[in-house]
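In this chain, numbering begins with 1 at the start of the sequence shown.
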Amino acid sequence: MRKRRFYGFSLSLGLALLGSVVLAQVKTPPMTAQVQRGKELFLHSSKGVACGTCHEIGGVGTQIGPDLKKLASVVGPRGLVSTIQMSMTAYVQEYKIKDLGTFPGIQKEGSSGAQVYDLSKNPPELHDVKAGDITSQKQNEKWKHPPATAGYSSQELADLIGWLKWAATGSVKEVKASEIE
């Protein structure tokens with residue numbers, strides 16, 4: 001059977017190209033004003049350490065802390081506020097490491113050895129650590145999740161959640177301050 005030609009291309013190649021053009025047009029909707037404000041807060045906070053210092057979502061920030069895309073995809077606004085405002089997390093441990101001292105840290109996700117971010121530094125500093133150099137590791141009792149003490153207003157939290165939802169799912173639904181209070 002002979003393939004038909006479509007402007008110099010085989011029909012199957014032409015359809016494949018057309019399909020990829022259609023898929024390329026199915027993009028995340030443009031950012032709303034709220035999403036833009038939330039992204040700005042995520043990256044640059046005047047109230048302390050910005051979320052993007054430790055978290056990555058929507059192609060911006062630093063991948064140190066837990067994956068926010070998974071969380072923002074399934075958790076509602078009030079649940080996200082609770083997470084933002086929690087003072088302690090299960091991921092942060094207090095490490096005592098030979099030649100480095102004691103500091104709050106988080107193990108680098110997917111690391112094949114002992115790679116630990118020192119959260120007492122801003123931005124967090126990554127240390128390659130020999131397993132034998134970790135003299136103790138226990139649940140952190142001192143380090144606080146930075147947004148917990150930032151004092152974000154309800155509108156700022158709504159904007160942050162608007163950004164997280166947009167970056168995770170493409171949602172442009174406005175998050176109202178009253179939804180999170």
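- In the hydrophobic cluster analysis, where Ile, Leu, Val, Met, Phe, Trp and Tyr join through side-chain heavy atoms closer than 4.5 angstrom, Ile106 is grouped apart from Ile84.
- Atom CD of Glu40 has more than 12 neighbouring heavy atoms from other residues, nucleotides or ligands inside a 6.0 Å radius.
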Is there a side chain to side chain contact (heavy atoms under 4.5 Å, CB included) between Thr135 and Ile97? Walk through the geometry before answering. CA-CA 6 Å; Thr135 57; Ile97 300 176; over 6 Å; no

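- Between Trp166 and Pro30, the shortest heavy-atom distance links the atoms NE1-O, 3.8 Å.
- Side-chain rings of His145 and Tyr91 stay apart, their centers remaining 6.0 Å or farther from each other.
- Remark: Lys138 NZ to Glu94 CD distance equals 4.5 Å, nearest 0.5 Å.
- In this structure, Pro123 and Thr62 have side chains that are not in contact, with every pair of non-hydrogen atoms separated by 4.5 Å or more.
- Annotation: salt bridge (charged side-chain N to carboxylate O under 4.0 Å, His left out) contacts involving residues 169-181, sequence neighbours excluded, comprise Lys173-Glu179.
- Put simply, NZ on Lys165 and CG on Leu160 are 13.5 Å apart, with the number rounded to the nearest 0.5 Å.
- Glu56 places a side-chain N or O within donor-acceptor distance of the main-chain N or O of Gly59, the cut-off being under 3.5 Å.
- There is a path of hydrophobic side-chain contacts, each under 4.5 Å, that joins Leu157 to Leu43.
- One distance of note links CD of Gln115 with NZ of Lys108; it measures 5.0 Å at 0.5 Å rounding.
- Inter-residue side-chain proximity for Asp133 and Asp99 is flagged as unmet; no heavy-atom pair is nearer than 4.5 Å.
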Walk me through it: do Val81 and Gln85 pass the test side chain to side chain contact (heavy atoms under 4.5 Å, CB included)? CA-CA 6 Å; Val81 168; Gln85 293 179 333; 3.4 Å; yes

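- At least one donor-acceptor pair under 3.5 Å links the side chain of His55 to the backbone N or O of Pro66.
- Under the 4.5 Å side-chain heavy-atom criterion for Ile, Leu, Val, Met, Phe, Trp and Tyr, Val49 and Trp163 are members of distinct hydrophobic clusters.
- Heavy-atom minimum distance, Ile134 versus Ala114: CD1-CB, 4.2 Å.
- Nearest heavy-atom pair across Gly61 and Phe42 is CA-CE2, 4.4 Å.
- Heavy-atom minimum distance, Leu119 versus Val92: CD1-CG2, 3.6 Å.
- Residues Leu126 and Phe103 fall into different hydrophobic clusters, defined by Ile, Leu, Val, Met, Phe, Trp and Tyr side chains chained together at heavy-atom separations under 4.5 Å.
- For Val129 against Leu100, the heavy-atom pair with the smallest separation is CG2-CD1, 4.5 Å.
- Lys142 places none of its side-chain heavy atoms less than 4.5 Å from the side chain of Pro104.
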Quick one, Glu156 with Lys47, criterion salt bridge (Lys or Arg N to Asp or Glu O under 4.0 Å). Give me CA distance, side-chain angles, the key distance, then yes/no. CA-CA 11 Å; Glu156 288 169 323; Lys47 296 184 176 187; 2.7 Å; yes

Gln139 and Gln93: CA distance, side-chain angles, deciding distance, side chain to side chain contact (heavy atoms under 4.5 Å, CB included) verdict: CA-CA 5 Å; Gln139 181 63 42; Gln93 300 287 306; 3.5 Å; yes

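- The hydrophobic clustering, which links ILVMFWY residues whose side-chain heavy atoms are closer than 4.5 Å, places Ile161 and Leu41 together.
- Between the side chains of Ser45 and Tyr152, at least one donor-acceptor pair of N or O atoms lies under 3.5 Å.
- Of all the heavy atoms in Val60 and Lys39, the pair that sits closest is CG1-CE, 4.0 Å.
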Begin from the C-alpha positions of Gln34 and Asp159 and carry the test side-chain hydrogen bond (donor to acceptor under 3.5 Å, both in side chains) through to its verdict. CA-CA 5 Å; Gln34 179 179 55; Asp159 292 347; 3.3 Å; yes

Candidate pair Tyr95 and Gln107, rule side chain to side chain contact (heavy atoms under 4.5 Å, CB included), full reasoning: CA-CA 10 Å; Tyr95 287 88; Gln107 188 168 1; 3.9 Å; yes

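- Taking 4.5 Å as the limit, every side-chain heavy atom of Lys130 sits out of range of all side-chain heavy atoms of Lys98.
- Listed by chain and residue number, Lys144, Ala148 satisfy the side chain to side chain contact (heavy atoms under 4.5 Å, CB included) test with Ser87 (two or more places apart in sequence, or in another chain).
- Partners of Ala168 under the side chain to side chain contact (heavy atoms under 4.5 Å, CB included) rule, at least two apart in sequence or in another chain, are Ile57, Lys69, Ala72, Ser73.
- Side-chain contact between Met88 and Asn140 is present, with at least one heavy-atom pair separated by less than 4.5 Å.
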